[in-house]
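In what follows, chains are A, B, ... by sequence order, proteins preceding strands, each numbered from 1.
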2 protein chains.
Amino acid sequence: MIRQSSVKPAPASPSPPLVVIVDDDPAVRESLDSLIRSVGLATRLFGAPAELLQGALPDVPGCIILDVRLPGISGLDFQDQLARQGIALPIVFMTGHGDIPMTVRAMKAGAVDFLSKPFRDQEMLDAVTSAIERDRQRRSATAALDDQRSAYATLTAREREVMTHVVAGLMNKQVAGMLGLSEITVKIHRGNVMRKMGVRTLADLVRTAEALGVHKP
Amino acid sequence: MIRQSSVKPAPASPSPPLVVIVDDDPAVRESLDSLIRSVGLATRLFGAPAELLQGALPDVPGCIILDVRLPGISGLDFQDQLARQGIALPIVFMTGHGDIPMTVRAMKAGAVDFLSKPFRDQEMLDAVTSAIERDRQRRSATAALDDQRSAYATLTAREREVMTHVVAGLMNKQVAGMLGLSEITVKIHRGNVMRKMGVRTLADLVRTAEALGVHKP
DNA sequence: GGCGCACACAAACCTAGGTATGAGCTCGAC
DNA sequence: GTCGAGCTCATACCTAGGTTTGTGTGCGCC
């Protein structure tokens, strides 16, 4: 996973959101390309899903426009494949011969929209806008978590144990008893946890732990 | 809202989940009724949506099976109406003449499934099972919040102010300065907050506040 | 073998949190 | 008007949290 948040404090990214267009028909690709570009969004075109998996995508908000019928693989299967690979870009489906079960499957799997060809330009733009907004939300949520995750990764095993018990509300002496330590040692670990996790108050630590899903086994 | 959690500690509800069936065709209703009952679920049948809104529903997990074509109102509009009225029962749609836009709209609005008639019994049972499970999750989530909400309601204005600042990580003296109080007064309010909210540690209070969405204005 | 790191602990010291007890004020309800 | 609730604050006392300084052990790595 690319972690720009801890590298660049606030690049105020001027690069526009990216719309990935996957369709085996060049005419459809071109047509969508000019539509999407006309509203100031960047595009990247692919004729087959495999091409998409090869190159890395830039680290900007975006979405995927996917034809259900693709060479070699169903768009719905490709959606699953992307999810398994951790590519969480929102997907807007389009299809010439769709049916209701397809639609249900796509939407259950998290698709933003499912458009039947022919669709109006505005329908597609609305779907894309909504998809990009969803991606923006997801990105800011995961970005916030990302620094916390890497901070948590720097904790030693003992420090994690102490943190777990501390955010559960135990007092230092209780933690000490539970781990077979002296209270002073717990205090030191606890101080290290606070420093490493980059928080100043217990309240912040508890929130961070909640976000990270840190719980007692 | 019915708060059983604080009234009955753990009734271990023996009553089965309830499936509400709304269809204007008596034959369809009867057929679904026997299907659903055959797996041990309770049912309630309605020929028109208005009937559903009149009587109160029992406080058990459940879901709604809704025909898209209903007398007087579209099932999709009825879905919106239910949402606006705070009825959060998951909905399984069925339809004889559905299309993709309908499906998309229903799924976007949170429908669990969208089945085209004719469907196999097992499809409906799977959808209902999934819907009931979703409702169970939602219910346990809101039930846990419910006691906390009512506890929060007993706080005085000052106590809420203090709580807000405390869970933000401020020290008593900082809260005192911010509210123009002495530190000892803050301590007293803080103690009242802990007692009224039914928590023993700051960690618990922070988690409760998070769940309740208590933040600084 | 020495270096760094995690781990453990102690003494000393300071700050923060928490709880009485007691007391004064205001305001709205009965 | 007085009674209760909410709000305020002081003194006193105790516990919990947190840091610094210093000491020591064991482990893996170069």
Side-chain angles (χ1 to χ4, degrees), chain A residues 6 147-210 212 214-217, chain B residues 6 147-210 212 214-217:
Chain A
S6 53
D147 288 353
Q148 298 178 331
R149 249 191 278 273
S150 61
Y152 185 72
T154 71
L155 297 185
T156 67
R158 259 293 192 251
E159 286 162 355
R160 283 178 208 185
E161 285 182 303
V162 171
M163 173 169 167
T164 300
H165 289 110
V166 165
V167 299
L170 297 187
M171 290 185 305
N172 287 337
K173 68 176 58 172
Q174 292 176 300
V175 178
M178 217 160 270
L179 298 180
L181 302 175
S182 77
E183 192 183 342
I184 187 72
T185 304
V186 173
K187 284 185 179 182
I188 292 171
H189 286 312
R190 183 174 182 153
N192 289 337
V193 168
M194 299 293 281
R195 187 176 40 76
K196 288 186 178 179
M197 294 302 293
V199 296
R200 277 179 48 264
T201 68
L202 176 59
D204 290 336
L205 188 68
V206 171
R207 267 186 288 270
T208 302
E210 282 293 290
L212 292 175
V214 173
H215 292 302
K216 279 190 279 196
Chain B
S6 53
D147 288 351
Q148 298 178 331
R149 248 192 277 274
S150 61
Y152 185 72
T154 70
L155 298 186
T156 67
R158 258 296 192 247
E159 285 161 357
R160 282 176 208 186
E161 284 182 304
V162 171
M163 171 169 168
T164 301
H165 289 110
V166 165
V167 299
L170 296 187
M171 289 184 307
N172 288 337
K173 66 176 61 171
Q174 292 176 299
V175 178
M178 215 160 274
L179 299 180
L181 302 175
S182 78
E183 191 183 343
I184 188 69
T185 305
V186 173
K187 284 185 179 181
I188 293 171
H189 286 312
R190 184 174 182 153
N192 289 338
V193 168
M194 300 292 282
R195 187 176 41 77
K196 288 187 178 179
M197 294 301 294
V199 296
R200 276 180 49 262
T201 68
L202 176 60
D204 290 336
L205 188 67
V206 171
R207 267 186 289 270
T208 302
E210 283 294 289
L212 292 176
V214 174
H215 292 302
K216 278 189 281 195

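- In this structure, CZ of A/Arg190 is placed 18 Å from C1' of D/dT20, rounded to the nearest angstrom.
- Sequence order on DNA chain C of the closest nucleotides to A/Lys196 and A/Ser182 puts A/Lys196 first from the 5' end.
- Side-chain contact between B/Met178 and B/Val186 is absent, with no heavy-atom pair separated by less than 4.5 Å.
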Legend entry - Intermediate values then yes/no, side-chain contact (heavy atoms from CB on, under 4.5 Å), B/Leu179 and B/His165: CA-CA 10 Å; B/Leu179 299 180; B/His165 289 110; 3.7 Å; yes
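- In this structure, A/Asn172 reaches the D/dG17 phosphate: one of its side-chain N or O atoms is under 4.0 Å from OP1 or OP2.
- Heavy atoms of B/Ile188 sit under 4.0 angstrom from at least one base atom.
- Of all the heavy atoms in A/Lys196 and A/Thr154, the pair that sits closest is NZ-O, 3.1 Å.
- The pair B/Arg207-B/Glu210 fails the salt-bridge criterion, with no side-chain N (NZ, NE, NH1 or NH2) lying under 4.0 Å from an Asp/Glu carboxylate O.
- If you find the closest nucleotide of DNA chain C to A/Thr156 and to B/Leu170, the one lying nearer the 5' end belongs to A/Thr156.
- If you measure from atom CG of B/Leu181 to atom P of D/dG6, you get 16 Å, rounded to the nearest angstrom.
- Here the C1' atom of nucleotide D/dG17 and the NZ atom of B/Lys173 are 14 Å apart, to the nearest Å.
- For the pair B/Glu183 CD and C/dG17 C1', the computed distance is 8 Å after rounding to whole Å.
- Atom NE2 of B/His189 and atom C1' of C/dT19 are 15 Å apart (whole Å).
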Inset, instruction - Could you please spell out the steps behind the side-chain contact (heavy atoms from CB on, under 4.5 Å) verdict for A/Val193 and A/Val166? - result: CA-CA 10 Å; A/Val193 168; A/Val166 165; over 6 Å; no
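- A/Met171 has its CE atom 11 Å from the P atom of D/dT15, to the nearest Å.
- Rounded to an integer number of Å, the gap from B/Lys187 NZ to C/dT21 P is 17 Å.
- When distances are taken from the side chain of A/Ala157 to each of C/dC7, D/dA12, D/dC7, the shortest belongs to C/dC7.
- The side chain of B/Thr185 places an N or O atom within less than 4.0 Å of a non-bridging phosphate oxygen (OP1 or OP2) of D/dC9.
- The CG atom of B/Asn192 sits 9 Å away from the P atom of D/dG6 (whole-angstrom rounding).
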